Structures are given as C-alpha cells and as structure tokens.
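The structure appears right after this line, and notes come after that.
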Amino acid sequence: MDKPYIKDYSTIVSLISYEYSKRYRMIDRQDISQELWLWFATRPNKLRDWYDNFESKDRDKLVAKSLRNAALKFCTKEKAKSAGYEITDNFYYQPQIIEEFLPYILNDSYMLPVGVNDVNYKPDRNSVAESNTWLAVRADISEAFETIEERHQNVLRLRYNSINTTLEQVGSELNISPDAARKRVDRAIQAMIDELGGKRPYTEYDHGNPEE
C-alpha cells in the first residue's frame, strides 16, 4: 500500500512520543518517534486491513492503542538497557496485587498481605512473598500512591482503608452509585499502575508475521 499513514498519523506519533519521553526521561523523544514510524513500516498487512475495513474514527483508536504499546515496549527495553538489567527482570503490577497491599499501606502495617501470592502467581519467577521481595513491592506501591493525584488518593482511602469497606459504602460517602464508585476506584488503581510503569506490553502480529 502507499503511505497515507504518514499524513494521517503524524500528529498522533508526535503526541505519543512526547507522552512517553516524559514518562521515560532517559529516552530521547526522536528515538521513540522513529520506533513508532517503524511500527507502521512493519505492519503493511494490518494497516491495509484497517484502512479497508474501519472508519477513520475506529481506525484511529486501533492505531493509537498499538502505537502506545509499541512505545511502551521500546521504552521498557531501552530503560532496561540503560540501567544494566534484563527486560525479563521487569515487574508489571496487576490491579489485584495493588488492592492486596493498599489496606496494609494505608494503615501503616508491614505485615505480608494474606492473599498476595494467590493474585500474583508467576511460575517463571519467585513469588512475591519469598525473601524480601514483598518489601520492595510494598515500597513501590506506597510511593506510587503518594505520587497520584489527591482525588485518586481520597477514593482509594475510602475503599481500602478497611478491608471490609464495600463499594456501596464508598458510593454512599461520595453520593454516587456503587457502579460509579467502582469506576472511580478503577481509575485510581490505573493511575497507580501508570506510575509503576504501566501494563505489560503485548506482542502484535501482522497477519501471522510475529513481531521480533
């Protein structure tokens, strides 16, 4: 196919490059931008399919999601390289692990959360509970909590200051429905995950051609 994407997505590439250069300050914005344009060059089949079968609004969403994933994958690799560790050493935080630790952090307790291994089992690495790994995890989560906006902190305090607090109680306190309370909690947890490095990047395929 020709290259309409250069005109169509130059703004999105610029914005995402800027976003990730701020998150990963050791990486030059132009390097991120180059990596994103490389994503386009190596996905001709995927792009052709998206141009043929999706309206521009829906296609834009797909492209933006893929570019953010490409930026995250590139930045985590470059960060690992600059810091001298392997990319496989990266720890990606799941919402459940944060939810397990928050009641203990908010109550200044250094006890190991009871359910921590149940929600973070990884056969290819040591469990969080082994050795002192859980203390490092606790410290990361605590720092992320202190970094997020106050509005996110407040809703998490309502939800997790006690392990018995329900979404109905949170909603009542905020004068909103339980479903609206759940959405606010989810957004606050996601803000913490973003501070902790974001979600694990996924591998994309160009119609059967695996990503290197």
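Predicted model, so just to flag it, every value in this text is computed and none were measured.
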Could you state whether Tyr24 and Leu15 fall into the same hydrophobic cluster, counting links through intermediate Ile, Leu, Val, Met, Phe, Trp or Tyr residues with side-chain heavy atoms under 4.5 angstrom apart?
->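 No, Tyr24 does not connect to Leu15 through the hydrophobic network.
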Linking I/L/V/M/F/W/Y whenever their side-chain heavy atoms sit closer than 4.5 Å, directly or via other members, would Tyr18 and Val13 fall into one cluster?
->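 No.
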Side-chain donor-acceptor pair under 3.5 Å between Asn154 and Arg151, yes or no?
->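 No donor-acceptor contact under 3.5 Å links the two side chains.
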[atom1]-[atom2] distance between [X] and [Y], expressed to the nearest 0.5 angstrom:
| X | Y | atom1 | atom2 | value |
| --- | --- | --- | --- | --- |
| Leu72 | Leu67 | CG | CG | 12.5 Å |
| Trp134 | Phe101 | CH2 | CZ | 7.0 Å |
| Leu38 | Arg43 | CG | CZ | 8.0 Å |
| Leu167 | Ser172 | CG | OG | 12.5 Å |
| Ile16 | Tyr9 | CD1 | OH | 11.0 Å |
| Gln153 | Leu158 | CD | CG | 12.0 Å |

Side chains of [X] and [Y]: closer than 4.5 Å at any heavy-atom pair?
| X | Y | result |
| --- | --- | --- |
| Tyr5 | Trp37 | yes |
| Tyr93 | Asp194 | no |
| Thr147 | Met192 | no |
| Trp50 | Ser66 | yes |
| Asp8 | Asp60 | no |
| Ile189 | His152 | no |
| Cys75 | Ile32 | yes |
| Glu19 | Arg68 | yes |

CA sep, side-chain torsions, deciding dist, call: Met26, Lys79, side chain to side chain contact (heavy atoms under 4.5 Å, CB included) = CA-CA 7 Å; Met26 74 292 297; Lys79 180 182 178 181; 4.2 Å; yes
Can you tell me if CD on Glu146 sees more than 12 non-hydrogen neighbours from other groups inside 6.0 Å?
->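 Yes, enclosed.
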Glu143, CD atom: more than 12 neighbouring heavy atoms under 6.0 Å |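 No.
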Which pair of non-hydrogen atoms, one from [X] and one from [Y], has the smallest distance, and what is that distance?
| X | Y | answer |
| --- | --- | --- |
| Ala71 | Leu36 | N-CD2, 3.8 Å |
| Ser21 | Ile27 | CB-O, 4.1 Å |
| Ala188 | Val155 | CB-CG1, 3.7 Å |

side-chain hydrogen bond (donor to acceptor under 3.5 Å, both in side chains) against [X], all qualifying residues, sequence neighbours excluded:
| X | result |
| --- | --- |
| Arg23 | none |
| Tyr160 | Glu99 |
| Arg187 | none |

Check: [Y] main-chain N/O paired with [X] side-chain donor or acceptor under 3.5 Å:
| X | Y | answer |
| --- | --- | --- |
| Asn107 | Ser109 | no |
| Asp49 | Asn45 | no |
| Ser33 | Arg29 | no |

From CA spacing to verdict: side-chain hydrogen bond (donor to acceptor under 3.5 Å, both in side chains), Thr166, Arg159 = CA-CA 7 Å; Thr166 65; Arg159 178 69 174 95; over 6 Å; no
On the ring face of Tyr104, is Arg138 found with NZ or CZ under 6.0 Å from the centre and within 45° of the axis?
->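 No, cation not above the ring by the 6.0 Å, 45° rule.
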Does the pair Tyr20 and Glu35 meet the rule for a side chain to side chain contact (heavy atoms under 4.5 Å, CB included), with working shown?
-> CA-CA 12 Å; Tyr20 278 83; Glu35 184 69 18; over 6 Å; no
Give the intermediate values and the outcome of side chain to side chain contact (heavy atoms under 4.5 Å, CB included) for residues Thr165 and Ser162.
-> CA-CA 6 Å; Thr165 303; Ser162 168; 3.5 Å; yes
Test side chain to side chain contact (heavy atoms under 4.5 Å, CB included) on Asp58 and Leu62 and set out the steps.
-> CA-CA 7 Å; Asp58 294 328; Leu62 291 170; 5.6 Å; no
Is Asp186 salt-bridged to Lys183, going by a charged N under 4.0 Å from an acidic O?
->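 Salt bridge absent between Asp186 and Lys183.
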If you measure from the Lys or Arg side-chain nitrogens to the Asp or Glu carboxylate oxygens, is any gap between Lys57 and Glu55 under 4.0 Å?
->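 No.
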